Number of protein chains: 4
Amino acid sequence: MGDQGHFATSPWRTGTVRLEARFDMRFQVEQATPMLMVLRPRIDVRQWIMKDHFFIHPDVPVSEYVDDHGNRCQRLTLPPGPCQLSGSLEASVAAEMPVDRSAGFVPIQALPDEVIHYLLPSRYCESDRLGELAREIVSDSEPGYAQVERICQWLSRQVAYRPGSSNTLVTAREVLDRGEGVCRDLAHLGVALCRALSIPARFVSGYLQDLDPMDLHAWFEAWLDNGWQGFDPTQAGRKGGRIILAVGRDGADVPIYNQFGPLLIPQVLVFSVKRLDG
Amino acid sequence: MGDQGHFATSPWRTGTVRLEARFDMRFQVEQATPMLMVLRPRIDVRQWIMKDHFFIHPDVPVSEYVDDHGNRCQRLTLPPGPCQLSGSLEASVAAEMPVDRSAGFVPIQALPDEVIHYLLPSRYCESDRLGELAREIVSDSEPGYAQVERICQWLSRQVAYRPGSSNTLVTAREVLDRGEGVCRDLAHLGVALCRALSIPARFVSGYLQDLDPMDLHAWFEAWLDNGWQGFDPTQAGRKGGRIILAVGRDGADVPIYNQFGPLLIPQVLVFSVKRLDG
Amino acid sequence: MGDQGHFATSPWRTGTVRLEARFDMRFQVEQATPMLMVLRPRIDVRQWIMKDHFFIHPDVPVSEYVDDHGNRCQRLTLPPGPCQLSGSLEASVAAEMPVDRSAGFVPIQALPDEVIHYLLPSRYCESDRLGELAREIVSDSEPGYAQVERICQWLSRQVAYRPGSSNTLVTAREVLDRGEGVCRDLAHLGVALCRALSIPARFVSGYLQDLDPMDLHAWFEAWLDNGWQGFDPTQAGRKGGRIILAVGRDGADVPIYNQFGPLLIPQVLVFSVKRLDG
Amino acid sequence: MGDQGHFATSPWRTGTVRLEARFDMRFQVEQATPMLMVLRPRIDVRQWIMKDHFFIHPDVPVSEYVDDHGNRCQRLTLPPGPCQLSGSLEASVAAEMPVDRSAGFVPIQALPDEVIHYLLPSRYCESDRLGELAREIVSDSEPGYAQVERICQWLSRQVAYRPGSSNTLVTAREVLDRGEGVCRDLAHLGVALCRALSIPARFVSGYLQDLDPMDLHAWFEAWLDNGWQGFDPTQAGRKGGRIILAVGRDGADVPIYNQFGPLLIPQVLVFSVKRLDG
């Protein structure tokens with residue numbers, strides 16, 4: 001939990017907004033289906049959750065736990081028949097993603113123990129195969145913030161952001177081949193390129209105010225000398241408040257849901273967020 | 001988190017109730033006062049939190065983390081002037097505290113690593129000084145459930161339950177001398193006597209439906225061969241649903257709030273819970 | 001740490017051997033090179049480490065921490081010039097890998113929270129792409145032990161075990177294409193196939209008595225209803241005692257060493273183990 | 001594990017010594033006795049353990065785990081008859097306890113989450129009852145290092161250090177009444193006084209080079225703005241290297257051993273440490 005920081009990095013320093021987020025998922029279930037979900041917001045110093053509602057119909061037992069990344073995970077089994085999971089949140093968060101261009105590179109031996117594992121390659125981030133490309137992209141950048149910013153600029157030029165263009169999980173190298181992807185794909189490639197430069201990086205899923213088209217969103221964070229810094233390769237301006245649902249090594253750690261058994265296609269899958277206090 | 005169990009111990013097995021809990025705390029603050037609070041319900045397999053509201057006026061930064069016992073802790077600094085913290089919960093929980101009279105004693109070497117520290121003496125539970133008394137109380141009881149039940153019966157005879165009778169934290173041995181106490185005191189003595197018999201035990205704070213007079217409540221849990229079993233020395237019948245706020249070695253780990261600096265007396269301090277679906 | 005179990009699964013039940021393991025690594029270092037190593041044995045209920053020696057020349061600062069999987073990790077920076085890391089161990093372990101053919105499949109909702117992440121796909125174990133193959137392999141096996149045993153038999157027929165045949169990290173699917181691999185490769189494919197069947201599985205690195213040719217070894221473990229069970233697709237007879245160095249989602253989590261900076265080829269890299277009390 | 005820091009605080013900055021420590025414990029056991037021990041050195045950035053030997057006769061199963069404070073704990077059951085536990089260590093550590101007189105007080109809201117619980121009162125450190133005394137002692141000291149140093153000076157004047165003067169665990173307030181104590185007692189009172197001033201503090205057990213009379217030793221650490229600082233109220237000069245066995249809220253967390261069942265008096269209980277490279 002050490003990486004959650006404290007007031008030094010709290011959003012109240014730079015102005016806050018109050019957001020309301022909503023989700024609605026409906027399934028027609030054929031046979032009892034175990035699910036693992038990450039639909040409640042992470043306990044994170046950067047957001048204060050004032051309201052948190054989560055309803056399940058029909059009423060089934062749910063078990064919740066906190067995983068190794070600090071995310072709240074829900075475990076349940078959907079029974080046969082129509083099922084609905086829905087909820088809403090109210091949160092106070094930074095009015096936009098903080099930027100600190102002076103943030104420097106942290107030498108490997110000075111990294112806190114608990115961020116070391118965000119240096120390792122993972123399922124969708126083959127950083128062990130992307131060293132050459134990463135070094136080429138940042139060849140004329142200063143170590144630290146400028147390198148990660150450069151990676152984001154490169155991504156926005158090289159990989160077309162096409163919401164809806166992929167509906168399966170593809171890896172960073174596969175994204176590179178395709179030349180296009182959804183927010184999750186660009187985040188995976190960003191994470192992989194950072195790690196290839198020995199910059200710890202992690203995947204983030206959450207809500208972004210005014211995202212267009214509105215949906216759940218994904219971006220990434222890099223560990224620099226003032227802690228975890230957010231970067232969003234699909235939203236160059238970094239406008240709008242964000243509610244973090246979960247962080248992980250990549251999308252394999254923090255799916256909206258992992259289902260087990262025969263494939264279940266949601267009939268409804270809606271996520272939205274809006275500002276309350278504007 | 002290993003001790004949170006899974007569906008094997010979920011409340012849905014024995015019938016559930018839907019409860020609504022509320023709290024309201026108000027202070028007139030003279031100088032900025034750091035606070036550490038445990039006012040949000042623990043993430044626990046035995047309860048599903050459908051709604052969770054928490055408001056603070058004026059709006060100040062809050063940091064939340066999960067402690068070593070799995071509790072959600074809030075950190076904030078109250079600013080000078082009038083301050084209010086209030087909130088409400090809706091939870092689905094077991095209709096009453098489950099009883100399993102067949103639960104057996106677990107030999108020390110078979111205890112899971114993560115419950116070992118609940119065997120040790122702690123600030124308000126001097127189990128290292130209560131061995132003789134504990135053995136005397138349970139001298140004719142079978143190891144396991146019957147021993148803990150016997151301790152509860154002994155407590156209800158020997159220590160008068162007087163809500164409001166103590167307003168400071170007293171230890172288990174001090175409770176014994178006084179012969180009376182609040183729910184927290186009886187829980188402390190129960191915990192200490194269990195540990196003196198090598199039964200891991202922990203303190204629980206939470207809401208109890210229909211508690212009279214209505215207030216926040218405290219009870220304890222003992223680790224037996226089917227996991228953490230609840231015991232309530234002040235409520236012999238174990239009636240009513242319960243929402244667990246926090247668990248700990250004793251009240252020192254899970255105060256409603258720890259304040260730092262000059263003493264701050266709450267002007268309002270109200271906790272209540274009622275059934276919604278009856 | 002909850003998965004480390006307790007005496008119920010200790011090796012003393014089935015006869016023990018006393019093993020001595022040794023390692024020796026030497027480098028000619030051009031420029032200061034940060035390293036992350038997992039060269040000390042994991043704290044694990046299944047082995048008692050009586051002696052543990054670890055020497056580094058020249059004398060440089062080393063930092064050690066325990067990672068999320070419970071492994072002991074060493075962090076240090078090799079200085080320019082000749083460097084040697086060497087050490088030895090004496091351990092009491094089970095005389096051979098325990099077999100319990102009655103071990104059953106654990107339904108997803110009954111899995112302990114802390115093993116859930118061993119169900120997810122990882123860098124070298126693309127379980128999300130191997131479901132069809134996995135189901136085909138075990139089509140006529142009973143759920144649980146028999147399925148994993150069947151996967152091992154299939155692996156030993158389909159993938160030739162060729163020590164030295166790969167010197168880079170390849171993924172489970174790449175191993176499948178190659179049709180041959182080192183112990184690590186077969187372990188990765190075994191892990192991936194288990195996870196594809198919703199059986200939690202993890203990669204293990206360690207020493208195996210009488211391995212031929214002698215070297216560090218790798219195998220895997222599957223979570224069944226009596227806990228973590230070892231399986232070794234390259235050693236059908238499961239003969240000989242084992243010292244576990246580390247466990248992880250796959251080889252990315254538990255490398256012998258991760259180096260950062262220009263590639264460093266070891267001049268010496270020797271691992272050996274022998275029985276002391278036979 | 002976050003508090004273990006990294007190379008920034010490593011002992012190599014100030015000169016190291018190589019120490020050899022030894023222990024020997026012998027019991028004549030009447031009936032099988034479960035034990036919980038903390039006899040292996042903590043994994044801690046401030047010490048590099050080159051050799052670690054631990055022998056038990058007769059050969060019984062031992063289970064080891066890492067507790068919430070990061071200590072290595074051994075669990076075993078001594079069988080009836082003569083039993084011996086013995087071992088030795090070789091470690092490279094700082095030549096003497098580092099001193100940084102500029103270390104400042106950390107405001108409560110800036111404390112890392114993981115040190116918060118070292119602010120709470122504990123079994124042998126009734127910091128909730130010592131606020132007035134603590135403020136009086138440090139009334140003319142600057143916040144931070146000077147306050148803790150002042151507490152140590154006060155302790156060495158007010159509480160006579162008498163090795164062997166107590167053989168049972170007494171609390172900080174009891175030490176105050178007695179006016180004398182062993183190293184553990186002075187450490188407890190030091191911890192309690194620090195916490196009463198909102199300075200996180202923890203108890204340390206370990207070996208001290210040249211301690212006279214030679215034995216296992218205890219001291220404490222306070223959290224200041226450069227991390228955990230060691231203080232030793234019985235050794236004003238802070239001379240000599242130290243090997244840390246364990247840290248905890250107080251002696252209840254880190255006993256040499258906790259035994260369960262009928263009292264077992266050791267026939268031999270010897271601890272020693274000497275310098276190897278002088």
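As the structure is a prediction and not an experimental result, all values here were calculated from the model. Chain A is the first sequence line, chain B the second, and so forth, proteins listed ahead of strands; every chain is numbered from 1.
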Dump the intermediate steps for side-chain contact (heavy atoms from CB on, under 4.5 Å) on B:Lys51 and A:Phe54, then the final yes or no. CA-CA 7 Å; B:Lys51 291 190 186 176; A:Phe54 196 139; over 6 Å; no
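Atom CD of B:Glu30 is surrounded by 12 or fewer heavy atoms from other residues, nucleotides or ligands within 6.0 Å.
If you measure heavy-atom distances from A:Phe55 to chain B, the contacts under 4.5 Å come from the side chain alone. Within the 4.5 angstrom heavy-atom criterion, atoms from both the backbone and the side chain of B:Ile49 approach chain A. For B:Glu90, no part lies under 4.5 angstrom from a heavy atom of chain A.
Relative to the six-membered ring of B:Trp48, A:Arg75 misses at least one condition, a distance below 6.0 Å or an angle of at most 45° to the axis.
For A:Glu64 against B:Ile43, the heavy-atom pair with the smallest separation is O-CG2, 3.4 Å.
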